[in-house]
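To start, the structure itself, in structure tokens.
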Amino acid sequence: MRPSLVYRLLCSLSLSAGLIGCAATQAPATMPQPHPQPVAAPMLSTGSGDLGLVIERASGSLQVVNNSRLESLGKIEGLGDLSHASVVYGRDGATAYVFGRDGALSKVNLLSRKIEARVQQSGNSIGGAISQDGSLVAAQNYQPGGIKVFDAKTLALVADIPATYSPKDSPANAPQQLSRVVGLADLPGRRFIYSLFDAGEIWIADLSQPATPALKKFKNVGSQPYDALVTPNGRHYIAGLFGEDGLAMIDLWAAEPKVRRILNGYGRGQEPLPVFKMPHLRGWAVAGRHAYLPAIGRHEVLVVDTETWTEVDRIKVAGQPVFVIARPDGRQVWVNFAVPDYHRVQVIDTPTRQIVKTLEPGKAVLHMEFTPRGEAVWISSRDDNRVSVIATDSFATLARLDAAAPSGIFFSSRAGRMGF
């Protein structure tokens with residue numbers, strides 16, 4: 001190459017290098033930046049969607065189970081008196097809140113199998129509920145009567161609502177009394193609904209502003225409401241009445257909700273039987289258009305049309321029904337019983353309203369829980385210290401798990417269901 005051409009080429013390269021260096025020092029923000037490396041998430045042995053808890057009332061512990069693999073994963077211990085314990089789930093399905101009979105409220109983690117928080121909130125409690133947004137947990141109490149509401153993350157108390165009432169025919173200046181609370185359920189909009197057993201009332205507590213709860217009271221609903229359910233669509237609250245034959249219902253979608261009596265006097269003309277165990281309405285017993293409800297002290301399941309709320313049928317069963325629960329698809333209704341028939345479970349086919357199977361899974365059947373899609377049901381047999389897993393199509397026993405006097409069974413699929 002000629003010297004002049006080489007000289008010009010070297011000058012051009014030097015100028016380009018200088019410009020590049022200048023750009024690199026003066027405007028670094030315009031250069032592409034490397035993407036930050038993601039932080040590795042902790043490895044989990046399972047998700048939370050197929051987990052559940054079995055209450056072991058004899059040992060005050062919870063057994064964590066997997067309802068897909070049909071196995072026990074371990075225990076959470078130190079929960080106190082679980083003789084009438086119940087569970088609700090946080091929105092993640094891995095956090096559960098346990099309401100002990102001794103008034104303790106415990107927050108547990110199913111993945112770590114540890115107690116994350118615990119508070120002794122009353123002297124006698126039989127259950128609770130969690131708000132629609134998952135931010136508040138409410139406990140219903142026998143002693144003292146009323147509900148207490150807690151922050152779901154910390155279990156810090158945010159509201160204490162005594163269930164005060166004036167007994168009938170009491171003097172105007174008589175002190176108010178406290179009622180036992182039952183039938184607590186969640187409603188949309190940070191609201192809870194519950195029944196006052198001793199007062200014969202139903203209250204709705206609006207916790208939109210937890211520091212100043214707003215109460216709506218329905219009085220004279222009937223004698224001794226003992227338990228209640230909210231229908232799957234959240235529209236109707238139905239409370240059973242222990243002191244009389246009938247139920248109290250509220251249409252929560254109405255512009256001005258009112259109490260309506262349904263199935264009034266369903267035992268008229270029949271001699272009442274002694275009640276060996278209070279029926280339970282907690283959990284949906286609604287299948288399609290009909291609700292299936294236990295008749296107190298009778299060997300019958302009542303069938304109610306949910307459009308007219310009138311009785312359309314009665315199904316004779318083996319004993320006094322305790323739990324009457326519908327399979328998730330509504331095709332079957334399963335029933336267990338009080339003593340002396342508490343070793344039996346019967347299955348009702350809802351299209352024909354006929355009993356299609358009688359099972360004897362063990363002594364003292366206390367609870368049943370369907371898997372999320374209903375292919376199996378888990379049944380606790382307290383006196384045989386076991387849980388049986390039964391297929392809902394063939395009724396074959398798929399598995400048996402040892403448990404210390406098991407009672408309630410609660411799967412994490414409840415996290416996405418109102419009234420559970």
Within a strict 4.5 Å, meaning less than it, do heavy atoms of the Leu187 and Leu252 side chains meet?
yes

For a quick check under 3.5 Å, do Glu116 and Asn109 share a side-chain donor-acceptor pair by atom type?
yes

Heavy-atom closest pair, residues Leu215 and Ala205
CD2-CB, 3.6 Å

So, Tyr237 and Ser195: side-chain donor and acceptor under 3.5 Å apart, yes or no?
yes

Residues Arg331, Asp329: salt bridge by 4.0 Å N-O rule:
no

Say whether Asn141 and Ser125, considering side chains only, have a donor N or O and an acceptor N or O under 3.5 Å apart.
yes

Does the Ser394 side chain pair with the main chain of Ala391, one donor and one acceptor, at a distance under 3.5 Å?
no

Would you please name every residue forming a side chain to side chain contact (heavy atoms under 4.5 Å, CB included) with Leu196, sequence neighbours left out?
Ala163, Ser179, Tyr194, Ala199, Glu201, Trp203

Minimal non-hydrogen separation, Ala152 against Gly134, with atom names
CB-O, 3.3 Å

Please name the pair of heavy atoms, one in Leu401 and one in Ser72, separated by the smallest distance, quoted to 0.1 Å.
CD2-N, 3.7 Å

Residue of the set Val335, Val345, Asn336, Val365 for which side-chain contact (heavy atoms from CB on, under 4.5 Å) holds with Phe323
Asn336

How about His84 and His280: are their ring centroids closer than 6.0 Å?
yes

Distance check, rounded to the nearest 0.5 Å: Asp102 atom CG versus Asn124 atom CG?
9.0 Å

Closer than 3.5 angstrom, by distance alone: can the side chain of Lys75 be matched with the main-chain N or O of Ser61 as a donor-acceptor pair?
no

Does a donor on one side chain and an acceptor on the other come within less than 3.5 Å for Ser223 and Glu244?
no

Looking only at the side chains, is there a donor atom on one of Arg118 and Ser106 sitting less than 3.5 Å from an acceptor on the other?
yes

Is the closest side-chain heavy-atom distance between Leu398 and Ile390 below 4.5 Å?
no

Begin with the C-alpha distance, continue with both residues' side-chain angles, and end with the deciding distance and a verdict on salt bridge (Lys or Arg N to Asp or Glu O under 4.0 Å) for Asp251 and Arg235.
CA-CA 6 Å; Asp251 183 349; Arg235 178 170 182 174; 2.9 Å; yes

Would a 4.5 Å heavy-atom cut-off, applied to side chains only, mark Ile193 and Ile202 as touching?
yes

Please enumerate all residues that pass side chain to side chain contact (heavy atoms under 4.5 Å, CB included) together with Gln209, with sequence neighbours excluded.
Thr212

Describe, in one word, how the ring planes of Phe242 and Phe197 are oriented to each other, choosing from parallel (under 30°), tilted (30 to 60°) and perpendicular (over 60°).
tilted

Test your reading of the model: is there a side-chain donor-acceptor pair from Arg57 to the backbone of Ser83, 3.5 Å cut-off?
yes

Side-chain donor-acceptor contact under 3.5 Å, Gln224 with Asp198:
no

One thing to verify: whether Asp81 and Arg101 come together as a salt bridge, which I'm taking to mean a side-chain N less than 4.0 angstrom from a carboxylate O.
no

Salt bridge or not for Lys107 and Asp151, using N-O below 4.0 Å?
no

With rounding to the nearest 0.5 Å, note down the distance linking CZ in Arg386 to NZ in Lys363.
9.5 Å

Atom pair CD (Glu360) and CG (Asp341), whose distance is rounded to the nearest 0.5 Å
10.0 Å

Checking the side chain of Gln346 only, and the main-chain atoms of Ile348 only, is there a donor and an acceptor separated by less than 3.5 Å?
no

Nearest-0.5 Å distance that lies between atom CG in Leu359 and atom OG1 in Thr397:
7.5 Å

Of all the heavy-atom pairs spanning Ser407 and Leu82, show the shortest one and how long it is.
OG-O, 4.3 Å

Should Phe420 and Ser413 count as side-chain neighbours, where that means a heavy-atom distance under 4.5 Å?
no

For salt bridge (Lys or Arg N to Asp or Glu O under 4.0 Å), just list the numbers for Arg298 and Asp245, CA-CA rounded to whole Å, side-chain angles, deciding distance to a tenth of an Å, and then say yes or no.
CA-CA 11 Å; Arg298 306 191 181 281; Asp245 291 344; 3.8 Å; yes

Apply side chain to side chain contact (heavy atoms under 4.5 Å, CB included) to residues Val377 and Val389 and explain how you reach the verdict.
CA-CA 6 Å; Val377 63; Val389 184; over 6 Å; no

Approximate separation, where rounding is to 0.5 Å, of Arg113 CZ and Leu53 CG
11.0 Å

For this output row, return yes or no: ring centroids of Trp253 and His236 closer than 6.0 angstrom.
no

From CG (Leu136) to CG (Leu207), nearest 0.5 Å:
5.5 Å

Do Thr392 and Gln332 touch side chain to side chain, with heavy atoms closer than 4.5 Å?
yes

Do Arg190 and Asp133 pass the salt bridge (Lys or Arg N to Asp or Glu O under 4.0 Å) test, and can you show the C-alpha distance, the side-chain angles, and the key distance before you say yes or no?
CA-CA 7 Å; Arg190 288 179 127 195; Asp133 63 2; 3.1 Å; yes

Using a strict cut-off of less than 4.0 Å between a Lys/Arg side-chain nitrogen and an Asp/Glu carboxylate oxygen, indicate whether Arg353 and Asp313 qualify as a salt bridge.
yes

Which atoms form the tightest heavy-atom contact between Gly330 and Ala287, and what is the distance?
O-CB, 3.4 Å

Side chain proximity check, Val312 to Val304, heavy atoms < 4.5 angstrom
no

Evaluation steps, ring pair (Phe, Tyr, Trp, His ring centres under 6.0 Å), between His299 and Phe337:
CA-CA 9 Å; His299 297 185; Phe337 305 100; 8.1 Å; no

For the pair Gln140 (side chain) and Gly183 (backbone), establish whether a donor and an acceptor sit closer than 3.5 Å, ignoring hydrogens and angles.
yes

Can you check whether Ala174's main-chain N or O pairs, donor with acceptor, with Ser170's side chain at less than 3.5 Å?
no

Ring pair (Phe, Tyr, Trp, His ring centres under 6.0 Å) between Phe411 and Trp378, intermediate numbers included
CA-CA 10 Å; Phe411 291 153; Trp378 289 48; 5.4 Å; yes

Apply the test salt bridge (Lys or Arg N to Asp or Glu O under 4.0 Å) to residues Glu71 and Arg69: give CA-CA distance (whole Å), side-chain angles for both, the deciding distance (0.1 Å), then the verdict.
CA-CA 6 Å; Glu71 64 182 13; Arg69 302 206 299 258; 2.6 Å; yes

Taking the side chain from Arg91 and the backbone from Gln132, do they hold a donor-acceptor pair closer than 3.5 Å?
yes

Pairs meeting criterion ring-ring contact (aromatic ring centres under 6.0 Å, His included) with involvement of residues 132-170, two or more places apart:
none

Determine the interplanar angle of the Trp334 and Phe395 rings, folded into 0 to 90°, and report it as parallel if under 30°, tilted if 30 to 60°, perpendicular if over 60°.
tilted

Heavy-atom closest pair, residues Phe99 and Leu105:
CE2-CD1, 3.6 Å

His290 side-chain N/O to Val303 backbone N/O, donor-acceptor pair under 3.5 Å
no

Can any side-chain N or O of Asp227 pair as donor or acceptor with the backbone N or O of Leu281 at less than 3.5 Å?
yes

Whether over 12 other heavy atoms sit under 6.0 Å from Lys217 NZ
yes

Donor-acceptor pair, side chain of Glu311 and main chain of Asp305, under 3.5 angstrom:
no

